[in-house]
Structures are given as C-alpha cells and as structure tokens.
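Residue numbers start from 1 in every chain, and the chains themselves are labelled A, B, ... in the order their sequence lines are given, proteins ahead of strands.
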Number of protein chains: 2
Amino acid sequence: MVAGPTSTGPGKERLRLWIRLLRASRTIEAELRERLKKEFDTTLPRFDVMAALYRSPEGMLMSDLSRFLLVSNGNVTGIVDRLVSEGLVTRARRNGDRRTSMVRLTEEGTKAFARIAAVHEGWVGELLGGVSEEEAKRLTGMLKSFRSNWEGRE
Amino acid sequence: MVAGPTSTGPGKERLRLWIRLLRASRTIEAELRERLKKEFDTTLPRFDVMAALYRSPEGMLMSDLSRFLLVSNGNVTGIVDRLVSEGLVTRARRNGDRRTSMVRLTEEGTKAFARIAAVHEGWVGELLGGVSEEEAKRLTGMLKSFRSNWEGRE
DNA sequence: TTATAAAACTTTAAGCTTGAAATAATTGCA
DNA sequence: TGCAATTATTTCAAGCTTAAAGTTTTATAA
C-alpha cells in the first residue's frame, strides 16, 4: 500500500495521492506513537479513546466509541479494559438498558489527558510544520468531502 | 487520534488537518482491507510487501523492505514467512553476505500480484473519486514535502 | 404471552505491530 | 591475527486489530 503505481492510465494520479496520503499518515503516526510511549508511557489507541471521552463528559457507549473511532467493537473492549485497570476510565452499567454501559474518564483520566493533549497538539504542529496554515485549511477542506462518492452505498 | 482539537490557538488548523488526514486514510484503508480479504483472501500487509517486490524483480533484502514500507524488521519477518509458506515469495541466502537473504516474488506471486494490483487501482480510483485529477495532483504535491521540517533531525 | 429477532457487548482465533533482546555474520582496527 | 563493534535478521512479549461466534438483554409481533 505504500508502494508506487504499477501502471499508467486514468487512475494513476489518484493512486499516487493515496500512496502519499498513506505514507504521510504512517510517518506521523509512527512518530506520535513513539513520543507518546517515551514521554507519557501510553499508546495511540488509548489516547484516541481518551480524546473521544474528553469531548463527551456525559460519557459514551462502547458502540459510540467504536463508531466514532472507526474501529471494531471487540477492539474497543480491550482498550477500555486496559484503561479501566489503569484507573483512567470507568464503565458504569446503566439502569435503563442493561446491555449497555456508559464509559467515562475518571478525574485522574481527565487530568492525564489534558496534560498529554496539550503536548500532543504541539507535536502535530511541529510535524506538520511544512504545511502553512493556509494550505492546512485548503487540504482539510479537500479531505472533508472525499467520502461522499462511495460511503453508504450498500 | 481521530478526535477533534481540544483547544483553540495557533496549532489548531494543523491539528484539524491531521485528524482529517488520519480519518481519510483509516477509512480508505479499512475498505481496501475488507475488499482484499473478500475478493482475494489476502491482507493489506501482504499486498504491501508484494507491491514492493513487484517493483524490484532483482529482489530486496529484509531491511530494504522494512525501510521502504515504514515498518519494523520483526514485522517484515512474519509477513514474509507467511508469503513464503503460501508459495508467493522466496527467501534466498546470499553467498556474498550470509547474514542477509534476498526476497523475491515467485512466478505465481508475480501473477497473483498483477491480477490484484489491477483491481486495486480501480478501487482506489473509486474511493478517491470525490477528488478530481487536478486536485489529486495538488494534494500529492503538498504531501510530498511535509516531512522536510523534522525528519533526520536526530 | 411467548417465541423470535434484533441490539449491545464480549470472547476468540488469527494475524499485524512494535521495541527490545538474542543470534549470527561481517567489518574495522590495534 | 584476534577481538570489539557493527550490521542483518529473528525471536519474543505485549498490545492492537479484525471478523466471526457467543452471551445477555431488549424489542417485536403473532
């Protein structure tokens, strides 16, 4: 997936774009993962879950997290398990629907996330430093709509 | 990593861009992974390795693959192991330097990859259909240089 | 009411991924 | 030469990831 196009033709430019996109996100992701590990002894998936919860103080269902983070249900189960065992989030059974549980950041989790997020934002600014603020806006706009063509077709 | 910015300020636009970038690549990657599995009973990592080897008929060292694909050495070992057991690649010990081995696609592997790559290119064209050829060129250009700021600094 | 289906979640097996430690071969240099 | 450092690769433990199967609870509807 990170290799170059194997042919020429109409789809070539989009294939090139996809390869660039993937290399860029893998490179940045690898750097962020390494720094999160070294500086805060945590992982990207844990950070992702905490970031989602930070935006929802009222809590999120497991299925909300799964949908929002674009990962499978079983995946979320494992990550939340570990966050619970670290005292950073809680899983509270609900009275209304006993199949579901509400996941929330603990006070400790909230503090920990806020501390990490501030540094994290600085890292992203650094790693994307080659892109001007203006370009960043344009790129963001282009990426916003790319899915419309195919998602939800089935 | 796929959640929104938690603050406002100078780095905000780049953080937004990073989140879009990541969501875009994760969405496309998930779709491609699913199709590769369903249509060809293979995986994205196997496809990546085969794509790299397809471009190098003379073969690649394990460390070449690792560097090129942006993944760890140990990772490549496992993927190549599986490809070898499926008869799609070979690992040949070298006379010159007996620490290394040259990895090559077998004839079967070459045929299999060519078949998959053609369909894959069509998928990417479809999934990125919302981006015009012109935009694709511009985006590719912007992504090409983003690393220059920080890589190789240590 | 009571089967049946649907929904929310967990478990499982297989594979991917990393960083660190272990192995083996080569290189450099005293 | 001989031995320390380097290089290429594999092994390992832990965690991430998915798809599929399983469990429990809720909703539907005959």
[X] [atom1] to [N] [atom2]: how many Å, rounded?
{"X": "A/Ile79", "N": "D/dT18", "atom1": "CD1", "atom2": "P", "result": "9 Å"}
{"X": "A/Asn75", "N": "C/dT17", "atom1": "CG", "atom2": "C1'", "result": "13 Å"}
{"X": "A/Leu44", "N": "C/dT17", "atom1": "CG", "atom2": "C1'", "result": "12 Å"}
{"X": "B/Glu31", "N": "D/dT18", "atom1": "CD", "atom2": "P", "result": "13 Å"}
{"X": "A/Asp81", "N": "D/dA14", "atom1": "CG", "atom2": "C1'", "result": "15 Å"}
{"X": "A/Glu29", "N": "D/dG15", "atom1": "CD", "atom2": "C1'", "result": "15 Å"}
{"X": "B/Leu83", "N": "C/dG15", "atom1": "CG", "atom2": "C1'", "result": "12 Å"}
{"X": "B/Leu36", "N": "D/dA19", "atom1": "CG", "atom2": "C1'", "result": "15 Å"}

Which residues pass the side-chain hydrogen bond (donor to acceptor under 3.5 Å, both in side chains) test with B/Arg94, not counting sequence neighbours?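 Expected list: B/Thr100.
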
Name the closest nucleotide to the B/Arg33 side chain, picking from D/dA19, C/dT10, C/dG19.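 That would be D/dA19.
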
Counting side-chain heavy atoms from C-beta on, which of C/dG15, D/dA8, D/dT9 comes nearest to B/Met62?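 My answer, after comparing the listed nucleotides, is D/dT9.
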
Counterpart residues, salt bridge (Lys or Arg N to Asp or Glu O under 4.0 Å), relative to [X] (two or more places apart):
{"X": "B/Arg46", "result": "B/Glu86"}
{"X": "A/Arg91", "result": "A/Asp81"}
{"X": "B/Glu107", "result": "B/Lys111"}
{"X": "B/Arg98", "result": "none"}

Donor-acceptor pairs under 3.5 Å, side chain of residues 67-74 of chain A to any protein atom, not counting sequence neighbours: which ones?
residue : atom : partner : partner atom : Å
A/Arg67 : NH2  : A/Asp64 : OD1          : 3.3
A/Ser72 : OG   : A/Asn75 : N            : 3.4

With B/Arg14, which of A/Glu121, A/Glu133, A/Glu126 fulfils salt bridge (Lys or Arg N to Asp or Glu O under 4.0 Å)?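 By the salt bridge (Lys or Arg N to Asp or Glu O under 4.0 Å) criterion, B/Arg14 pairs with just one of A/Glu121, A/Glu133, A/Glu126: A/Glu133.
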
Just by modelled atom types, is the A/Gly59 backbone N or O under 3.5 Å from a matching donor or acceptor in the A/Ser56 side chain?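 No, the answer is negative, given that no donor and acceptor are paired below the 3.5 Å cut-off.
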
Could you check A/Thr100 against A/Gly78 and say which one's nearest nucleotide on DNA chain C is further toward the 5' end?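 This one resolves to A/Thr100.
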
Does the distance from a Lys or Arg side-chain N to an Asp or Glu carboxylate O, for B/Glu31 and B/Arg35, drop under 4.0 Å?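 Result for this pair is yes, salt bridge flagged.
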
Would you tell me if any nitrogen or oxygen in the side chain of A/Asn73 comes within less than 4.0 Å of OP1 or OP2 on C/dC9?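 No, outside the criterion.
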
Report which part of the nucleic acid A/Ser72 touches: base, sugar-phosphate, or nothing (heavy-atom distance under 4.0 Å, all strands).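 It contacts base atoms.
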
Once you apply a heavy-atom cut-off of 4.0 Å, does A/Ser63 come out as touching a base, just sugar-phosphate, or nothing?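 Sugar-phosphate, no base atom in range.
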
Where each residue is assigned the nucleotide of DNA chain D containing its nearest heavy atom, which of B/Lys37 and B/Leu61 is assigned the position nearer the 5′ end?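 In this pair, the answer is B/Leu61.
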
Here's a test of your reading of the structure: between B/Asp64 and A/Gly74, which maps to the more 5' nucleotide of DNA chain D?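 Closest to the 5' end, via its nearest nucleotide, is B/Asp64.
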
Do any of residues 87-98 of chain A sit with a heavy atom less than 4.0 Å from DNA chain D, and if so which?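 Here the set is A/Gly96, A/Asp97, A/Arg98.
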
Under 3.5 Å, which protein N or O atoms sit close to an N or O of nucleotides 3-5 of chain D? Give each pair with its distance.
none

B/Glu108: partners by side-chain contact (heavy atoms from CB on, under 4.5 Å), with sequence neighbours left out: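 side-chain contact (heavy atoms from CB on, under 4.5 Å) check on B/Glu108 returns B/Leu88, B/Thr106.
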
